[in-house]
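Quick caveat, the model's predicted, so the values are computed rather than measured. Sequence positions, counted from 1, serve as the residue numbers for this chain.
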Amino acid sequence: MAAWVPSLALAAHLITADKLATRDKRAYLSTGVDALDALLGGGWPRGAVGELAGPRGSGRTSLLLASLAAAIRRGETVALVDAEGALCPRAAVRAGVPLARLLWVRASERKALAAAEDVLAAGGFGLVALDLGEATSHAPIASWRRLKRAAEQQGSAVLVVARRRAEGLLGACALGLVAARPHFAGEDAAAVLVAIDTLIARGKGMGSDDTAKLHLQRAPHVLG
């Protein structure tokens, strides 16, 4: 015999369209760049691992700092696991990252992945970024699976930043920066238009060959 659910009890479990839209927006964390958020379907997904890859000078550090700053502005608790100790505090501040609200963990490439897992296990982090810098990760697939599971359990957005995509990671969302060239605009050397000439984004609803041209307003000292 089918169970009968009173209409009032059923109504308590229904979600209106406006609440559903709000809930879906909360399922992503902004990259700090509106055009990029639109391309990725909302930004970096919560409860999952996103990837940001590109060579030195491609703009990957700019986007990392923009993502950290955007998350902090939203009141999120944010951590950065820095495998090369490459974070420039002054550049971070200029990019809008208040250092007092950033948990900065310096760890060797060999220990960085485990450190990110430990941070996630502590709970309460909206965004945990793992910056591998120029190193090529040789982490086993099992390690990436543990990181994904930790992100899902905590509902945190995890962003893995590296020169190239890590083998075996297969993040829920991947952004590859290629052929980036900075273009200076205006006579003032501090006024620069940084053009990420081509980026390749892979994520929900996007094909493997999706490309876009984005222009980001960034100062020279946060390029990387």
(request) State the OG-CG distance between S108 and L113, to the nearest 0.5 angstrom. (result) 11.0 Å
(message) On a heavy-atom basis, which atom in A69 and which in A95 lie closest, and how many Å separate them?
(response) CB-O, 3.7 Å
(message) How long is the straight-line distance from CZ of R46 back to CG of L29, given to the nearest 0.5 Å?
(response) 4.0 Å
(request) Could you tell me which non-hydrogen atom of Q154 sits nearest to which non-hydrogen atom of A121, and how far apart they are? (result) NE2-O, 3.9 Å
(request) Step by step, work out the side chain to side chain contact (heavy atoms under 4.5 Å, CB included) result for V49 and K148. (result) CA-CA 6 Å; V49 177; K148 289 181 179 180; 3.8 Å; yes
(message) Using modelled atom types and a 3.5 Å cut-off, is there a donor and acceptor pairing between side-chain atoms of S156 and backbone atoms of F125?
(response) yes
(request) Could you check if a side-chain atom of V128 sits within less than 4.5 angstrom of a side-chain atom of L159, using non-hydrogen atoms only? (result) no
(message) Using 0.5 Å steps for rounding, measure from the CG atom of L87 to the CG atom of L102.
(response) 7.0 Å
(message) Taking E117 first and then K111, would you say they form a salt bridge - that is, a charged N and a carboxylate O separated by under 4.0 Å?
(response) no
(request) Please tell me if the side chains of L177 and L52 come closer than 4.5 Å, counting only heavy atoms from C-beta onward. (result) yes
(request) Heavy atoms only: give me the nearest S67-L127 pair and the separation to one decimal. (result) O-CD2, 3.8 Å
(request) Taking the side chain as every heavy atom from C-beta outward, state whether L132 and V161 have any pair of such atoms under 4.5 Å apart. (result) no
(request) Please determine, by modelled atom types, if W44 and T31 share a side-chain donor-acceptor pair under 3.5 angstrom. (result) no
(request) State yes or no: do I141 and L130 share one hydrophobic cluster built from I, L, V, M, F, W and Y residues joined by side-chain heavy-atom distances below 4.5 Å, directly or via other members? (result) no
(message) If you define the side chain from C-beta out and look only at heavy atoms, does anything of V81 sit under 4.5 Å from D131?
(response) no
(message) Would you say that L80 contacts V105 through its side chain, given a criterion of any heavy-atom pair below 4.5 Å between the two side chains?
(response) no
(request) Please check if atom CG in D34 has more than 12 non-hydrogen atoms from other residues, nucleotides or ligands closer than 6.0 Å. (result) no
(request) Find the distance between CG (L175) and CG (L40) and round it off to the nearest 0.5 Å. (result) 6.0 Å
(message) Are R60 and R163 packed together at the side-chain level, in the sense that at least one heavy-atom pair is separated by less than 4.5 angstrom?
(response) yes
(message) Could you check whether any side-chain heavy atom of I72 comes within less than 4.5 Å of a side-chain heavy atom of P98, counting everything from C-beta outward?
(response) yes
(request) Decide yes or no on side chain to side chain contact (heavy atoms under 4.5 Å, CB included) for L63 and L36, but give the supporting numbers first. (result) CA-CA 10 Å; L63 287 178; L36 188 52; 4.0 Å; yes
(message) How close do W144 and A166 get, counting heavy atoms only, and between which atoms?
(response) CZ2-CB, 3.5 Å
(message) Tell me if the CZ atom of R110 is crowded by more than 12 foreign heavy atoms within 6.0 Å.
(response) no
(message) Using every non-hydrogen atom in the two residues, find where A112 and A107 come nearest and quote the distance to one decimal.
(response) CA-CB, 4.0 Å
(message) A side-chain contact here means heavy atoms from C-beta on lying under 4.5 Å apart; do L169 and E51 qualify?
(response) yes
(request) Check the pair V78, L103 against side chain to side chain contact (heavy atoms under 4.5 Å, CB included), reporting the backbone distance first and the verdict last. (result) CA-CA 6 Å; V78 174; L103 174 61; over 6 Å; no
(message) Could you report the tightest heavy-atom contact between P45 and C173, atom names first, then the distance?
(response) CD-CB, 3.9 Å
(request) Measure the CD-CD distance between E134 and E109 for me, rounded to the nearest 0.5 Å. (result) 12.5 Å
(message) Distance check, rounded to the nearest 0.5 Å: L99 atom CG versus W104 atom CH2?
(response) 8.0 Å
